[in-house]
Amino acid sequence: MQRRQFIRLAGGGAIAAATATTLVGCSSALPPEAIVAWNGPGIESDPRRWVLGHAILAPHSHNLQSWLVDLSVPDVITLYIDRTRLLPETDPFSRQMMMSQGTFLELLDLAAREKGLRAEITPFPQGVFGPTAVDGRPTAQIRLAPDAGVTRDPLFQQVFHRRTNREAYESREPAPEALTAIAASTSPTRMRTGFVLASQTDAIAEHRRIAKEAWRIELVTPRTVMESIHVLRVGPKEIAQHRDGISLNEPLVRALAAVGLFDRSKPPGPDDSATRMQIDDFNPKIDTTPAFYWLVTEGNDRATQIEAGRAWARAQLAATAQGLSMQPISQALQEYPEQARLYREIHELVGAPPPRFTVQMWARLGHAPVIGPSPRRGVDAHVMRA
């Protein structure tokens with residue numbers, strides 16, 4: 001999702017001055033302390049911390065990293081969802097948040113296997129959340145136990161290379177063997193996955209149309225666009241302080257923020273230059289995307305959502321192993337009223353009529369330029385009790 005350029009300009013002449021005085025010596029690289037977690041956990045006497053050092057690199061909606069763990073019981077990790085880090089406007093039932101619990105569990109399991117440990121995962125040990133809200137009960141309990149019979153998973157090697165790539169993708173289609181590998185990564189699960197390619201002219205045109213319209217709706221709906229603006233981190237100081245959310249470190253943006261021309265207090269209007277710029281940036285990327293991927297479940301209970309998150313993590317790691325990039329385009333899958341029509345359309349397009357089926361993930365897929373990692377808060381930020 002192209003949420004990285006919400007610039008609201010409040011005057012023209014000051015831009016040149018801001019640029020001249022602030023851009024000198026600026027770099028768009030993220031501060032090292034914000035991405036140090038991607039160097040790996042290092043040597044840990046407690047294997048739980050070692051596996052957590054990998055789990056926190058999992059993909060997460062808006063990069064909010066809403067994972068909390070209780071380590072007070074030896075050899076056990078109890079996972080909770082951080083209810084201060086939800087997306088009530090764009091994810092009103094916390095479906096995507098539960099998927100993000102699943103991505104965490106999948107990377108944790110991969111890391112445990114790498115250590116010769118069996119991760120015995122018990123979902124919802126104190127009962128399952130209802131369909132419309134999450135609560136303070138744990139989402140999973142994980143007991144780690146040595147097991148010589150545990151097999152390593154080759155996808156583990158991609159954990160530190162995985163990225164959510166929002167750049168423009170090359171027009172060439174992914175190779176058939178790459179698509180086969182991505183599909184195979186989730187074949188043991190109950191998920192149904194699929195692809196549409198640029199050579200399927202009519203079908204991909206429909207995917208592109210829905211993606212662009214859903215993105216426009218999120219941009220022009222004040223409460224949903226503000227949900228993204230609230231987690232923007234502008235400049236190295238904010239990025240290093242928070243190490244989450246949506247990072248903006250481009251020199252021009254920092255210059256505008258420095259002189260008060262980057263307004264994060266209210267949404268841009270539907271016809272403002274900020275909104276138009278976002279649309280003009282996003283639409284060409286969608287129009288040239290060579291492939292889309294989707295992941296469908298039968299049912300949509302909380303356990304299924306977690307399982308879908310685990311499958312999505314595997315699919316993205318498998319794509320990384322094939323030299324491919326993925327970017328979720330989740331707007332049309334979101335359950336707020338303004339997206340209802342497009343929600344129905346994308347479900348119908350992939351042969352998954354609701355309510356029996358749910359499209360849990362829909363993503364761009366293709367070859368893209370190399371990008372750096374996103375910020376991560378580190379293991380200690382997620383530990384409730386040690």
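Quick note: residue numbers are just sequence positions, from 1. The structure displayed is predicted, hence computed values, not measured ones.
Here the closest heavy-atom approach between residue Pro138 and residue Thr78 is recorded as CB-CG2, 3.6 Å. Here the closest heavy-atom approach between residue Asn165 and residue Pro369 is recorded as ND2-O, 2.8 Å. Pairing each heavy atom of Gln305 with each of Asn300, the nearest pair is NE2-O, 3.0 Å. Of all the heavy atoms in Ile56 and His382, the pair that sits closest is CG2-CD2, 3.7 Å. When all heavy atoms of Pro270 and Thr275 are compared, the pair lying nearest together is O-CG2, 3.5 Å. Closest approach of Trp312 to Pro328, counting heavy atoms only: CZ2-CG, 3.7 Å.
For Arg95, the salt bridge (Lys or Arg N to Asp or Glu O under 4.0 Å) criterion is met by Glu335, not counting sequence neighbours. Looking at residues two or more places apart in sequence or on another chain, you find a ring pair (Phe, Tyr, Trp, His ring centres under 6.0 Å) between Tyr293 and Phe195. Here Ser187 pairs with nothing under the side chain to side chain donor-acceptor pair (under 3.5 Å) rule; sequence neighbours left out. Remark: Asp75 engages no residue in a salt bridge (Lys or Arg N to Asp or Glu O under 4.0 Å) (not counting sequence neighbours). In this structure, Arg163 has no salt bridge (Lys or Arg N to Asp or Glu O under 4.0 Å) partners at least two apart in sequence or on a different chain. Taking Glu238 as the reference, Arg264 meet the side chain to side chain donor-acceptor pair (under 3.5 Å) condition, with sequence neighbours excluded. Every side chain to side chain donor-acceptor pair (under 3.5 Å) that Arg341 has, sequence neighbours left out, goes to Glu345. Every residue two or more places apart in sequence or in another chain that forms a ring pair (Phe, Tyr, Trp, His ring centres under 6.0 Å) with His347 is listed here: Tyr343. Residues forming a salt bridge (Lys or Arg N to Asp or Glu O under 4.0 Å) with Glu307 (at least two apart in sequence, or on another chain): Arg190. His54 meets the side chain to side chain donor-acceptor pair (under 3.5 Å) test with no other residue; sequence neighbours excluded.
Taking the side chain as every heavy atom from C-beta outward, Val253 and Phe262 approach each other to under 4.5 Å.
Trp294 and His207 share no donor-acceptor pair across their side chains, judged by distance under 3.5 Å alone. Judged purely by distance below 3.5 Å, without hydrogens or angles, the side chains of Asp70 and Ser72 pair a donor atom with an acceptor atom. A side-chain donor-acceptor contact under 3.5 Å links Gln360 and Thr297. Counting only N and O atoms by type, the side chains of Thr90 and Glu227 include a donor and acceptor under 3.5 Å apart. Counted by atom type alone, Thr186 and Arg314 present zero donor-acceptor pairs between their side chains at under 3.5 Å. With hydrogens and angles left out, the side-chain atoms of His60 and Ser66 include a donor and acceptor closer than 3.5 Å. Defined by atom type and a distance below 3.5 Å, a donor-acceptor pair is missing between the side-chain atoms of Gln334 and Asp91. Between the side chains of His367 and Ser325, no donor-acceptor pair of N or O atoms lies under 3.5 Å. Thr304 and Arg302 share no side-chain donor-acceptor pair at under 3.5 Å. Counted by atom type alone, Arg208 and Asn283 present zero donor-acceptor pairs between their side chains at under 3.5 Å.
Following chains of ILVMFWY side-chain contacts shorter than 4.5 Å, one can reach Leu87 starting from Leu232, so the two form part of one hydrophobic cluster. Leu108 and Leu117 fall within the same hydrophobic cluster, where Ile, Leu, Val, Met, Phe, Trp and Tyr residues are linked whenever their side-chain heavy atoms come under 4.5 Å apart, directly or through other members. When the side chains of ILVMFWY residues are joined at heavy-atom separations under 4.5 Å, either directly or via intervening members, Val69 and Leu86 end up in a single hydrophobic cluster.
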Quiz item: Ile121 and Gln141: side-chain contact (heavy atoms from CB on, under 4.5 Å), yes or no, with the steps?
Solution: CA-CA 6 Å; Ile121 300 174; Gln141 187 176 77; over 6 Å; no

Quiz item: Could you go step by step and tell me if Ser374 and Arg376 meet the side chain to side chain donor-acceptor pair (under 3.5 Å) rule?
Solution: CA-CA 7 Å; Ser374 58; Arg376 283 297 188 271; 3.0 Å; yes

Exercise. Mind running side-chain contact (heavy atoms from CB on, under 4.5 Å) on Ile142 and Val76 for me, showing each step along the way?
Key: CA-CA 6 Å; Ile142 307 99; Val76 172; over 6 Å; no

Quiz prompt | Step-by-step side-chain contact (heavy atoms from CB on, under 4.5 Å) determination, Thr139 to Val134 | solution = CA-CA 9 Å; Thr139 55; Val134 298; over 6 Å; no

Practice problem: Would you sort out whether Trp215 and Ile286 count as a side-chain contact (heavy atoms from CB on, under 4.5 Å), showing the intermediate values? | Solution: CA-CA 11 Å; Trp215 171 239; Ile286 293 297; over 6 Å; no

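In this structure, CD on Glu106 lies 14.0 Å from CD on Gln101, to the nearest 0.5 angstrom. Rounding to the nearest 0.5 Å gives a distance of 5.0 Å between CG of Asp109 and CZ of Arg113. In this structure, CD1 in Ile246 is found 7.5 Å from CZ in Arg166, a value given to the nearest 0.5 Å. Here the CD atom belonging to Gln339 is positioned 8.0 Å from the CD atom belonging to Glu213, to the nearest 0.5 angstrom. A distance of 12.0 Å separates CG in Leu252 from OG in Ser28, rounded to the nearest 0.5 Å. Leu248 CG to Ile239 CD1: the interatomic distance, rounded to the nearest 0.5 Å, is 7.5 Å.
The environment of CG in Asp202 is sparse: at most 12 heavy-atom neighbours from other residues, nucleotides or ligands sit within 6.0 Å.
Residue pairs meeting the side-chain hydrogen bond (donor to acceptor under 3.5 Å, both in side chains) criterion with at least one member in residues 129-138, sequence neighbours excluded, are Asp135-Arg137. Listed by first and then second residue, the side-chain hydrogen bond (donor to acceptor under 3.5 Å, both in side chains) pairs that reach into residues 120-130 are Arg118-Glu120, sequence neighbours excluded.
In summary, Glu167 and Arg364 do not engage in a salt bridge, as defined by a charged side-chain N under 4.0 Å from a carboxylate O. Note on Asp380 versus Arg49: salt bridge recorded, some NZ/NE/NH1/NH2 to OD/OE distance being below 4.0 Å. Salt bridge status for Arg276 with Asp272: absent, with no side-chain N to carboxylate O gap under 4.0 Å.
Here the side chain of Gln158 pairs no donor or acceptor atom with the backbone of Leu155 at under 3.5 angstrom.
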